[in-house]
Structure formats: structure tokens, C-alpha cells
Amino acid sequence: MITGASSGIGEAAARLFAQQGAAVSVMARREERLRALAEEIEAAGGRVLVTVGDVTAPADVARAVDATLAAYGRVDAAFNNAGWGSVGTPLHETDDADFERVMDVNVRGVWNCLKRQIPVMVAQGAGAIVNTCSTAGSFATGADASYVAAKHAVLGLTRAAAAEYGERGVRVNALMVGSTRTELMEGAMSRVPGLEEAAVARAVQRRLADPAEVARAALWLCGDGASFVTGAAVPVDGGCSAV
Ligand SMILES: NC(=O)c1ccc[n+]([C@@H]2O[C@H](COP(=O)([O-])OP(=O)(O)OC[C@H]3O[C@@H](n4cnc5c(N)ncnc54)[C@H](OP(=O)(O)O)[C@@H]3O)[C@@H](O)[C@H]2O)c1
């Protein structure tokens with residue numbers, strides 16, 4: 001199950017997981033984008049299920065989990081990736097409504113997913129969850145303060161869930177993602193002068209990530225190759241957290 005699969009990292013992950021033989025279940029709000037992706041995956045011989053919904057709505061998340069179970073009988077892995085932030089607004093100029101929206105999508109969205117995915121995985125006796133966090137989940141990145149706070153909370157939820165359900169076979173990890181060339185980042189770079197240059201300068205690899213590079217890390221964390229990895233904050237950031 002992959003949330004935020006209508007663009008960027010989630011879309012790349014849906015393609016990659018399907019190529020690797022996973023039956024995928026994708027969720028986001030933009031139906032046309034999800035249907036186009038599903039057509040592409042099916043044309044390549046993959047299995048895909050589409051749920052149009054909002055991760056901030058518990059009923060939508062429950063519908064996606066239930067539909068996945070009904071279609072496939074299990075939820076082996078979940079990539080809770082939907083997120084949003086409005087990079088570049090100073091804290092004192094941020095609307096309260098924007099703060100609430102950022103917390104809602106990033107924190108409540110992951111919360112809603114964990115609440116509904118974990119019981120399924122506990123019943124199976126196995127499961128792997130990957131939450132999309134950010135370098136903004138470890139330190140202040142110059143992104144907006146609400147986004148930094150929200151991604152710190154996503155890391156907190158990840159660690160708490162890993163600690164609580166490790167004995168019951170459920171692994172929960174966070175990807176600490178650095179600047180990645182997606183709609184979210186392209187939008188921010190077009191609004192904020194110098195943002196792209198600053199992002200490139202922060203990464204020791206001196207470039208932004210391609211969404212597929214983040215998707216490959218998610219695939220590894222969801223698979224048996226990461227069987228003894230849980231509660232981890234895994235950097236996929238071109239080395240920017242190393243310096
Ligand atoms: N790009 C970066 O530099 C970067 C760096 C660190 C972390 N991240 C994180 O990576 C994740 C993916 O972002 P991205 O960069 O791939 O951006 P993106 O291309 O804008 O994708 C964001 C995805 O989240 C979905 N989404 C947003 N709000 C949603 C909601 N309320 N309910 C359901 N789906 C929702 C969007 O779909 P709909 O609009 O169709 O709903 C879209 O599929 C986010 O958690 C983001 O915070 C990105």
C-alpha cells in the first residue's frame with residue numbers, strides 16, 4: 001500500500017514495487033493521475049488497485065486498507081509517503097491554517113495509516129511500514145517551521161510504533177529524504193529564489209535526488225533484506241546529514 005502515489009516519490013515507488021512483482025495498492029486524491037499510473041502498471045503486466053482518498057480522513061484510509069485486504073488478502077508492506085509543505089515562509093508569517101494543514105497531512109496522515117495498517121500486520125504476524133520523513137525530521141533545514149515540526153513528529157511516530165510492535169513481527173522505519181526533484185520541490189524552487197542552489201550545495205553529492213532513488217530505499221526497507229532493521233531513520237539525502 002503506497003500513499004501519495006499520484007506523483008513524485010510515491011509514483012516512482014508504485015512503478016518500482018510493481019516491477020519487482022508486488023501487487024500494489026495506491027492512494028492519493030487526484031484520480032486521473034492514479035488511473036493513468038494504474039493503466040501503465042497493468043500494461044506492463046503488474047497488479048494494481050486504486051483508492052481515491054485523503055490521508056487526513058480516517059474513513060478514506062480505512063477504505064484503502066480494507067480494499068487492499070479484500071483484493072489481495074494481506075498487507076505485507078506500507079509506504080506512508082503522502083506529504084505536503086510550503087517551504088520558504090518565515091514562521092511569523094505562516095498562516096495558522098497552513099500550520100494546521102501541514103500537521104494534518106504529514107502527521108495525522110501517517111497516524112491514520114499506522115492505526116489501520118498495524119492491526120492487519122499484527123494479525124498476519126508480519127509486516128513492514130516505511131514512513132516518508134525528511135532531513136527536516138532531524139534538523140531545521142530552512143524549510144518552513146511547521147514542516148520541520150511535522151517531520152520530527154513523523155520520526156517520533158515511527159520510533160514509537162517500532163518499539164511497540166517489534167515483538168509482534170511489524171517493522172517500522174523512516175526515510176530521511178533529502179531534496180528530491182518532484183512536483184513539491186519544483187514548486188518550492190520556483191517560488192523561493194536560491195532554494196535549488198542551496199539544496200545542491202547541502203548535498204555532498206552536489207545534486208538533487210531522482211524520485212526513483214528514494215523509491216529504491218523504500219523497496220529495500222519493505223523487503224526481507226532489511227529483516228533486522230526497525231525504528232531506523234535511514235538517510236537518503238546525498239550525504240547532507242553527514243556534514
Ligand atoms: N521532494 C523533496 O525534496 C522531499 C524531501 C523530503 C521529504 N519529502 C517528502 O516526500 C513525500 C512525497 O513528496 P514528493 O516530493 O514526492 O511530492 P509530490 O510529488 O508533491 O507528491 C506528494 C504526494 O502526496 C499526495 N498527497 C498530498 N496530500 C495528500 C492527502 N491529503 N491525501 C492523500 N494524498 C496526499 C499527493 O497526491 P494528491 O495531490 O493527488 O493527493 C502526491 O501524490 C512527502 O511526504 C514529502 O514531505 C520530499
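Every number for a ligand or one of its atoms is a count from 1 in the order of the listing. Note that these values count all heavy atoms, side chains included, but never hydrogens, waters or copies made by symmetry.
Thr135 and Asp237 form no side-chain donor-acceptor contact under 3.5 Å, judged by distance and modelled atom types alone. Looking only at atom types and distance, the side chain of Thr141 has no donor-acceptor partner in the side chain of Arg202 under 3.5 Å away.
Taking a 4.5 Å side-chain heavy-atom cut-off between Ile, Leu, Val, Met, Phe, Trp and Tyr, the cluster of Tyr72 extends to Leu49.
Contact residues for ligand 1 (protein heavy atom closer than 4.0 angstrom to any ligand atom): Gly4, Ala5, Ser6, Ser7, Gly8, Ile9, Ala28, Arg29, Arg30, Gly53, Asp54, Val55, Asn81, Ala82, Gly83, Arg101, Val105, Thr132, Cys133, Ser134, Tyr147, Lys151, Val177, Gly178, Ser179, Thr180, Thr182, Glu183, Leu184, Met185.
When all heavy atoms of Glu213 and Val236 are compared, the pair lying nearest together is O-CG1, 4.1 Å. Between Val107 and Ala153, the shortest heavy-atom contact is CG2-CB, 3.8 Å. For the residue pair Gly85 and Tyr147, the shortest heavy atom distance occurs at CA-CD1, 3.6 Å.
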